[in-house]
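Remember, it's a predicted structure, so these values are computed and weren't measured experimentally. Because only heavy atoms are used, hydrogens play no part in the values below, and waters and symmetry mates are left out as well, while side chains stay in.
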Amino acid sequence: MNPLKTVGIILIVAGVIGLATGGFSYTKETHKADLGPINIAVEDKQQVNIPLWAGLGAIVVGVVLLVLPRK
């Protein structure tokens, strides 16, 4: 399989997943204070939204890579 076609398939799958989920979240640990042997840490949950245009763009670029003629 051509490497461009593999990248095209990966982009299509990533675009569909991005459209289906709309984003992802992760937990970020922040150290607020160190008082001798005592550490105070805060865990913040961060949300990352995947824009609609990014998912659609990945799908379109993936399809273009699949239909390009092989040289």
Participant: For residues 21-28, tabulate all N or O donor-acceptor pairs below 3.5 Å that involve a side-chain atom, not counting sequence neighbours.
Facilitator:
| residue | atom | partner | partner atom | Å |
| --- | --- | --- | --- | --- |
| Thr21 | OG1 | Ile17 | O | 2.9 |

Participant: Side-chain donor-acceptor pairs under 3.5 Å in residues 4-15, sequence neighbours left out?
Facilitator:
| residue | atom | partner | partner atom | Å |
| --- | --- | --- | --- | --- |
| Lys5 | NZ | Leu66 | O | 2.7 |
| Thr6 | OG1 | Asn2 | O | 3.3 |

Participant: Looking at residues at least two apart in the chain, or sitting in another chain, which of them share a side-chain contact (heavy atoms from CB on, under 4.5 Å) with Ala41?
Facilitator: Glu29, His31
Participant: With a 3.5 Å cut-off and sequence neighbours excluded, list the donor-acceptor pairs that the side chains of residues 50-61 form with protein atoms.
Facilitator:
none

